[in-house]
Novice: 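Okay, handing you the structure first.
Every chain is numbered from 1 and lettered A, B, ... according to where its sequence line falls, protein lines coming before strand lines. Every heavy atom of this structure was used, including side-chain atoms; hydrogens, water molecules and symmetry mates were not.
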Number of protein chains: 2
Amino acid sequence: MNSLTEENYLKAIYKLVDGEKVAVTTNAIAEKMNTKAASVTDMLKKLSDKKLINYEKYYGVKLTAKGEKIALNIIRKHRLWEMFLVEKLEFGWDEVHDLAEQLEHINSEKLVAQIDKFLNYPKVDPHGDPIPDSNGKLQIQKSALLSTFKKNEVCMMTGVVDHSPTFLQYLAKTELTLGSTIKINDINDFDRSLQITAGKAKPFFISNEVAKNILVSLK
Amino acid sequence: MNSLTEENYLKAIYKLVDGEKVAVTTNAIAEKMNTKAASVTDMLKKLSDKKLINYEKYYGVKLTAKGEKIALNIIRKHRLWEMFLVEKLEFGWDEVHDLAEQLEHINSEKLVAQIDKFLNYPKVDPHGDPIPDSNGKLQIQKSALLSTFKKNEVCMMTGVVDHSPTFLQYLAKTELTLGSTIKINDINDFDRSLQITAGKAKPFFISNEVAKNILVSLK
DNA sequence: AATAAAATTTAGATTAGTCTAAAAATTAGT
DNA sequence: ACTAATTTTTAGACTAATCTAAATTTTATT
């Protein structure tokens, strides 16, 4: 079994790699974990001894298959719990993250399987992030940033880049929710802000900053 | 905030006191916590510094009002989670204890409130144990042991004394579940074993040992 | 009341995870 | 290619929770 701390390190490393083939640096992990580089080095040795990461001094780390599987399982649990909180317990999508960080470490295969079943095997979490299956397979969703679309194009909102409560609360006040159909009515040449129509609401403005944090499907 | 370990000590002390006005001994706590007396002494000092217990060297400990409140809150969470697992996730009453021991330490007032609501404010857990309310008030249930009843008396099952999976699994194979109406048809003078009728099943035998672990209402 | 037995506490060590400060290695700038 | 800046690692220390072994206090027995 791995400690809570070990699990959090593996998750952090997984998120920092995220597709890119480069190794993750000690400092990057330290920043993500809100800790010091020296502490990270200690933990990397430990994870390396356990064969959960490939670690070369001064170079960086990559997850082994074993380490990645553990990371994906934690992410699976995190996203299932978020879904449960939002779908069954009336939580808002902006208030589930920290709580899911606690719940993701609960150790029970049966519990995860039952929650999954109870939610009717969801494919994505409340933020549109894909939920890994029980084998650690992740459905890759092809999506693009709303900011890359052109005038008069239509698309569907599938997720967010920024997960901060502030951003999510802002979105909750608009018609921009997962599944919303978005039409780009106009783009301001000066600041790249957009005038859009989302769902059946009146057209409204969003900044380019916001558009860069909204994921949409290429349809 | 209190550590997971501190919470477990408070819970253990609460359960050892359980109504009796005597102080709890170091050895009793050590046994309950599967640890050594020396470790307990260390923790008692710590809890005493935090004013969660009244501790007098060589004498024993009692919970302060503050300590008791924390203990009851953990018990509340434990029992609500057990109820959730059984009622919503198809767990058996014999397989929820260890998992609830993990879940009871999840820290979120809103989560507890929402689970409580989701379960429609249950008064007892799957074993018939009362669930403390959010203020730490515990409904005392007046119940008696089935073994104290006489021939031809009728009662209703309200709980169990032994919570071991073995005992609970045994009961699950009979008609002895919470709420069952039990009629005592006969008592064997030699070994005090009982011939009973429970629910609408055929009469069957239970040992006195079993009867001593079944709680029933005095009706 | 004295002594033996049991319970409890203290002393000192250990482990996991963290830290600061210093040393070593790598990368960047000219 | 050499020095400066940055990154990473090592060394040594700290805290929480645990342990063993020894010392102390309480309780029980005669």
Novice: Taking only residues two or more places apart in sequence, or in another chain, which ones meet Phe91(B) in a ring-ring contact (aromatic ring centres under 6.0 Å, His included)?
Specialist: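 Testing Phe91(B) for ring-ring contact (aromatic ring centres under 6.0 Å, His included), a comparison that skips the adjacent residues, returns none.
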Novice: Taking atom C1' of dT15(D) as reference, at what distance in whole Å does atom CD of Glu6(B) sit?
Specialist: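 Rounded to the whole Å, the gap is 13 Å.
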Novice: Can you classify the ring geometry of Phe118(A) versus Phe84(A) as parallel (below 30°), tilted (30 to 60°) or perpendicular (above 60°)?
Specialist: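 Rings of Phe118(A) and Phe84(A): tilted, 30 to 60°.
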Novice: Going by the salt bridge (Lys or Arg N to Asp or Glu O under 4.0 Å) test, which pairs reach into residues 70-80 of chain B, not counting sequence neighbours?
Specialist: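 Every pair satisfying salt bridge (Lys or Arg N to Asp or Glu O under 4.0 Å) with a residue in residues 70-80 of chain B: Arg76(B)-Asp116(B), Arg79(B)-Asp125(B).
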Novice: Indicate whether OP1 or OP2 belonging to dT20(C) is found under 4.0 Å from a side-chain N or O atom of Lys36(A).
Specialist: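 Affirmative; the distance criterion is met.
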Novice: May I have all residue pairs that pass salt bridge (Lys or Arg N to Asp or Glu O under 4.0 Å) and include part of residues 91-113 of chain A, sequence neighbours excluded?
Specialist: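 Qualifying pairs, neighbours excluded: Lys11(A)-Glu101(A), Lys11(A)-Glu104(A), Glu95(A)-Lys110(B), Lys110(A)-Glu95(B).
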Novice: Below the 4.0 Å mark, does dA16(C) have OP1 or OP2 next to a side-chain nitrogen or oxygen of Tyr9(A)?
Specialist: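 No, no such contact exists.
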Novice: With sequence neighbours excluded, what pairs up with His97(A) under the ring-ring contact (aromatic ring centres under 6.0 Å, His included) test?
Specialist: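 Partners of His97(A) by the ring-ring contact (aromatic ring centres under 6.0 Å, His included) criterion, ordered by chain and then number, come out as His78(A).
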Novice: Whole Å only: how far is the CE atom of Met33(B) from the C1' atom of dC19(D)?
Specialist: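 Whole-Å distance recorded here is 15 Å.
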Novice: Any base atoms under 4.0 Å from Ser39(B), or only sugar-phosphate, or nothing? Heavy atoms, all strands.
Specialist: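 Base, at least one base heavy atom under 4.0 Å.
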Novice: Could I get the full list of salt bridge (Lys or Arg N to Asp or Glu O under 4.0 Å) partners for Lys32(A), not counting sequence neighbours?
Specialist: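 For Lys32(A) there are no salt bridge (Lys or Arg N to Asp or Glu O under 4.0 Å) partners, ignoring immediate neighbours.
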Novice: Could you tell me the separation between the CG atom of Asp49(A) and the C1' atom of dT15(C), rounded to a whole number of Å?
Specialist: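 Whole-Å distance recorded here is 15 Å.
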Novice: At under 4.0 Å between heavy atoms, how does the protein contact nucleotides 8-13 of chain D? Give one character per nucleotide, 5' to 3', with B, S or -.
Specialist: BBB---
Novice: Considering only residues two or more places apart or on different chains, which pairs with a residue in residues 61-74 of chain B satisfy side-chain hydrogen bond (donor to acceptor under 3.5 Å, both in side chains)?
Specialist: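 Every candidate side-chain hydrogen bond (donor to acceptor under 3.5 Å, both in side chains) pair involving residues 61-74 of chain B fails, so no pair, neighbours aside, qualifies.
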Novice: Name every residue in residues 98-106 of chain B that has at least one heavy atom under 4.0 Å from any atom of DNA chain C, in order of residue number, or write none if there are no such residues.
Specialist: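 Of all residues in residues 98-106 of chain B, none places a heavy atom under 4.0 Å from DNA chain C.
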Novice: Looking at dA16(D), I'd like to know if its phosphate oxygens (OP1 or OP2) sit under 4.0 Å from a side-chain N or O belonging to Ser3(B).
Specialist: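 False: Ser3(B) side-chain N/O out of range (4.0 Å or more) of dA16(D) OP1/OP2.
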Novice: CG of Asn34(B) versus P of dT18(D): gap in Å, rounded?
Specialist: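 From Asn34(B) CG to dT18(D) P: 11 Å.
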Novice: Examine the side chains of Asp191(B) and Ser193(B) and answer whether a donor and an acceptor come within less than 3.5 Å of each other.
Specialist: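 Note: Asp191(B) and Ser193(B) side chains meet the donor-acceptor criterion.
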Novice: Calculate the interatomic distance between Ile29(A) atom CD1 and dT7(D) atom P; express it in whole Å.
Specialist: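 It is 14 Å, rounded to the nearest whole Å.
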Novice: If you look only at pairs with a residue in residues 48-60 of chain A, which of them pass as a salt bridge (Lys or Arg N to Asp or Glu O under 4.0 Å), with sequence neighbours excluded?
Specialist: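 Residue pairs with at least one partner in residues 48-60 of chain A: Glu6(A)-Lys50(A).
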Novice: Please report the distance, rounded to the nearest Å, between CG in Leu47(B) and C1' in dT18(D).
Specialist: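 Atom-to-atom, Leu47(B) to dT18(D), this comes out as 15 Å.
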